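As the structure is a prediction and not an experimental result, all values here were calculated from the model.
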Amino acid sequence: TAVKSQSDAAGPKAGNNTLIPLRRAPKAAMADRLLKDNPAVEIKSLPNQLPAPDPFSVEEMERIIAYMREKYAPPVANYFEFAFMTGMRTSELIALRWGDVDWGSKTVTVRRARVRYREKTTKTAKSRTVDLNTRALAALARQRHINFMTAGDTIIFNNPGNGRQWSSDRWQRVAYFYPSLKALKLR
C-alpha cells in the first residue's frame, strides 16, 4: 500500500523522497540481524505522474495581456508579455539584466536565475540564448523607457511597487497573474 506522509503536501515526489531513508533503517537492522523481516517492504511509492501540459490559447494570452495593460502599471504588462513571448522561467526573468540584451542580434542571454531571495545559475547550470520576436522586443523597448540605466548591469523587470528587484519568483503570480486569471475566469 502507498503511504501518505506530511511531506506529501508538497507532492508525491517529496513523499517518496522521505520514504527512501525510512526504508534503509529496517534493511540495516536486518543486516545486523536485529530484524528477521523487513516491515518496510510493503510501503510502496506514490505514483508521480505529472499532468499533461495545458497551455493558454493565443486568444487567452491576448486577454491576459490586455487585462494587465488596463489594470496594472505598464511594467507588469511588459513583464508578462515578454514572459509569454520568450517562454523563459520566472526565476530567469527576474534576474535578467539589460547587459544580457543584444539588440543587434535580437536575443537575450540567460545567465542566471533568482530563487528564494538569492541569485544563482540557471536550472540547467548553463547559459543559453533566447531569440526575441517582435512582441518581445516591443515589450523590452517599452520597459527600457521605464527603467533603463546607463550601466548595462541593471535589472530589467523590477517590482513596480517599490522599484527594487523581485525577491523571489512567487510574487508576480500572487500579486498579478492569479488575480488576472480570476478576473478573466480562466483556469
With a 4.5 Å heavy-atom cut-off, do [X] and [Y] have their side chains touching?
X: Asn158; Y: Arg164; answer: no
X: Trp166; Y: Ile155; answer: no
X: Thr86; Y: Val108; answer: no
X: Phe84; Y: Phe56; answer: yes
X: Glu59; Y: Ser57; answer: yes
X: Gln143; Y: Pro75; answer: yes
X: Asp100; Y: Val110; answer: no
X: Arg144; Y: Leu140; answer: no

Kindly compute the distance separating [atom1] ([X]) from [atom2] ([Y]), expressed to the nearest 0.5 Å.
X: Tyr117; Y: Ser167; atom1: OH; atom2: OG; result: 4.5 Å
X: Ile65; Y: Glu60; atom1: CD1; atom2: CD; result: 12.0 Å
X: Ile20; Y: Arg24; atom1: CD1; atom2: CZ; result: 6.5 Å
X: Ile94; Y: Gln165; atom1: CD1; atom2: CD; result: 6.5 Å
X: Phe177; Y: Arg170; atom1: CZ; atom2: CZ; result: 15.0 Å
X: Lys27; Y: Asn38; atom1: NZ; atom2: CG; result: 7.0 Å

Contact summary for [X] and [Y], nearest pair of heavy atoms:
X: Thr109; Y: Leu96; answer: O-CD1, 4.1 Å
X: Leu93; Y: Ala83; answer: CD1-CB, 3.4 Å
X: Pro74; Y: Ile146; answer: CB-CD1, 4.0 Å
X: Arg63; Y: Leu184; answer: NH2-O, 2.9 Å
X: Ala175; Y: Tyr72; answer: O-OH, 4.0 Å
X: Lys44; Y: Val41; answer: NZ-O, 3.5 Å

Linking I/L/V/M/F/W/Y whenever any side-chain heavy atoms sit under 4.5 Å apart, do Met61 and Tyr176 land together? yes
Side-chain heavy atoms under 4.5 angstrom apart, residues restricted to Ile, Leu, Val, Met, Phe, Trp, Tyr: same cluster for Met68 and Leu186?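 Yes, same cluster.
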Is the backbone N or O of [Y] less than 3.5 Å from a side-chain atom of [X], with the two atoms forming a donor-acceptor pair by type?
X: Asn16; Y: Ser45; answer: no
X: Arg23; Y: Ile43; answer: yes
X: Glu70; Y: Tyr67; answer: no
X: Arg142; Y: Asn78; answer: no
X: Asp32; Y: Ala29; answer: no
X: Arg173; Y: Asp169; answer: yes
X: Asn147; Y: Ile156; answer: yes

Kindly indicate, with the supporting measurements, whether the criterion salt bridge (charged side-chain N to carboxylate O under 4.0 Å, His left out) is fulfilled by Arg69 and Glu81. CA-CA 10 Å; Arg69 280 198 203 299; Glu81 185 169 8; 2.2 Å; yes
Working for side-chain contact (heavy atoms from CB on, under 4.5 Å), residues Phe82 and Met88: CA-CA 9 Å; Phe82 187 82; Met88 289 172 56; 3.9 Å; yes
Applying side-chain contact (heavy atoms from CB on, under 4.5 Å) to Arg112 and Thr121, what does each step give before you reach the verdict? CA-CA 5 Å; Arg112 67 194 77 73; Thr121 62; over 6 Å; no
Trace of the side-chain contact (heavy atoms from CB on, under 4.5 Å) decision for Arg187 with Leu181: CA-CA 7 Å; Arg187 68 198 175 294; Leu181 297 182; over 6 Å; no
Begin with the C-alpha distance, continue with both residues' side-chain angles, and end with the deciding distance and a verdict on side-chain contact (heavy atoms from CB on, under 4.5 Å) for Phe157 and Gln172. CA-CA 11 Å; Phe157 297 107; Gln172 305 81 352; over 6 Å; no
I'd like to know whether Lys126 forms a salt bridge (charged side-chain N to carboxylate O under 4.0 Å, His left out) with Glu92, so could you lay out the CA-CA distance, the side-chain angles of the two residues, the decisive distance to 0.1 Å, and finally the verdict. CA-CA 12 Å; Lys126 295 178 182 174; Glu92 297 168 344; over 6 Å; no
Check the pair Arg111 / Glu119 against salt bridge (charged side-chain N to carboxylate O under 4.0 Å, His left out), numbers first and verdict last. CA-CA 10 Å; Arg111 295 181 170 93; Glu119 211 162 271; over 6 Å; no
Using a cut-off of 6.0 Å, state whether more than 12 heavy atoms not belonging to Lys120 lie near its atom NZ. yes
